[in-house]
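I have placed the structure first, in the form of structure tokens, so that the comments after it can refer back to it.
On a predicted model such as this, the values are computed, not experimentally measured, just so you know.
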Amino acid sequence: MKRPKTYHLILTAVLSGIIAVVSYASAVTTTLIPGVAALYPAAALEIAFGIWFGLWGAFAAYIGVLIAGVTAGWFSPQVGILIGLGDFMLAAIPAYVFRKMNYSCQLKRTRDIVALITSSMIASILGSLLYNWVNLVLGVLQNMKAFWLGVLSWNIGNLLIVIVIAVPLVRALSRVLEKSGFTIKGLFE
Amino acid sequence: MNIKHYEFHARPHPVSVLASGCLLSSVVFFSHAPSYQIAITVCSLIAFVHFNHNATTMRMLLLTAARIVLYILVLYALLSQVPGSHELMHWPWGCYISTRTLFVALGAAARVNTLLFIAGACAGIVKPEDLARGLRQIGVPYWLCFLVVLTFQVFDRLRYNWGLIYEGMRSRGLRFTANIFSKMGRQALIYSMTAFLLLALRQVSEISISSNFRGVDAGMNRRTDLVEYHWGGIDWTIVAAATCCVCGLFWVAHI
């Protein structure tokens with residue numbers, strides 16, 4: 001196995017810290033079920049980190065949410081290990097799509113914006129199915145009607161966040177980060 | 001003296017604490033029997049109070065429990081999916097809360113809170129540094145342990161950065177209280193995030209350079225080694241030999 005470079009490790013640790021702090025601050029005010037926020041602004045950062053830093057951003061999303069959830073008391077470690085995968089996908093799928101299909105992260109063209117919204121929403125749907133299934137098994141959601149209600153509210157919230165925060169954020173910061181040489185071109189390097 | 005006293009007493013291995021926490025939580029996760037539920041909830045609560053004295057965490061857990069009960073009551077009252085023998089409260093549009101709904105809500109809150117109590121008790125016992133050391137002892141790769149500890153260590157730095165940027169931006173007239181869906185709110189978010197991210201990424205480079213200097217990248221299996229050198233016989237011999245060489249060269253050149 002190829003060892004990760006120190007820079008990538010430290011980058012992942014710092015990004016995890018940022019996601020943990022932001023998700024903690026954002027979910028505290030709007031949580032309905034523990035760990036499930038009606039509006040979750042940290043999702044915009046997870047998507048942006050995936051686009052800028054590839055899979056390191058996705059790992060950071062996973063670790064950040066896991067640490068925030070366990071330390072803030074939203075879920076226990078082993079539940080977090082499972083449901084954190086939803087946040088990993090939220091960053092990894094846009095990261096993969098943007099790199100494999102050569103979309104520009106500066107979002108200059110309409111098709112770049114469409115790609116960002118579409119890939120984020122696919123990832124969001126997968127994540128919401130996983131998260132609500134875990135809540136169903138835990139007994140927080142008692143039946144399938146409540147499950148689908150949770151999935152729907154999750155995705156409507158994320159769609160708003162993607163359009164209102166993620167798109168302007170990625171568009172505004174991509175140029176600065178690319179010029180400074182901080183972005184990662186491939187998935188890993 | 002305190003350190004010696006602390007190390008003298010046998011402490012549980014961090015990984016064993018984590019594993020037993022996960023094992024207990026798994027029982028809660030898969031079991032729906034009320035007797036198990038009550039027993040494990042009470043035990044985990046005692047463990048939590050014993051190991052975690054943080055009042056804020058306790059308050060947050062109690063609020064979480066209250067929120068779950070409220071959420072489930074409202075949701076099932078609206079869906080009217082759990083009919084019971086006795087209807088406690090009638091709501092508009094033909095919705096109602098039954099006794100069974102109340103029990104379901106309390107049971108779910110107990111199950112989720114048990115998981116949180118166990119997690120809180122584990123977090124109260126294990127420090128991130130201990131956890132990294134324990135994981136290292138059972139053969140987890142060094143880079144993963146390093147990542148976990150660094151993430152915890154970076155929180156304070158990020159909080160400090162955010163405080164600086166928040167005050168700076170606020171003094172320049174940016175309104176952080178504005179709604180995030182308004183233009184002003186988005187502007188505040190993007191301006192502050194630009195500064196925050198650039199500062200964080202610059203610090204990543206700085207930490208990376210200092211880590212390389214401390215030998216983290218060389219083999220990735222240890223951090224700094226402190227080796228003390230003492231001036232001994234071999235050193236006197238080397239210096240004497242070098243002096244002799246120089247004198248010899250001068251002598252040869254003189255001839």
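Only the side chain of I63(A) comes within contact range of chain B, judged by heavy atoms closer than 4.5 Å. In this structure, the portions of S16(A) lying under 4.5 Å from any heavy atom of chain B include both its backbone and its side chain. Using a 4.5 Å cut-off between heavy atoms, V204(B) contacts chain A through both its backbone and its side chain. With a 4.5 Å cut-off on non-hydrogen atoms, L158(B) touches chain A through its side chain but not through its backbone. With a threshold of 4.5 angstrom between heavy atoms, L169(A) approaches chain B through its backbone and through its side chain. Of the two parts of L144(B), neither the backbone nor the side chain holds a non-hydrogen atom closer than 4.5 Å to a non-hydrogen atom of chain A.
Ring pair F196(B)/W162(B): centre-to-centre distance below 6.0 Å. Ring centroids of Y131(A) and W154(A) are separated by less than 6.0 Å, placing the two rings close together.
Chain A forms the most heavy-atom pairs under 4.5 Å with one residue out of I207(B), I209(B), T194(B), L201(B), and that residue is L201(B).
For R159(B), the salt bridge (Lys or Arg N to Asp or Glu O under 4.0 Å) test picks out D156(B), with sequence neighbours left out.
The backbone N or O of S120(A) sits nowhere less than 3.5 Å from a side-chain atom of S124(A) that would complete a donor-acceptor pair.
Aromatic ring pairs are classed by plane angle as parallel below 30°, tilted from 30° to 60° and perpendicular above 60°; the pair Y62(A) and F88(A) is perpendicular.
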Take N161(B) and Q203(B) through the test side chain to side chain donor-acceptor pair (under 3.5 Å) and record every step on the way to the result.
-> CA-CA 10 Å; N161(B) 287 355; Q203(B) 283 167 352; 2.9 Å; yes
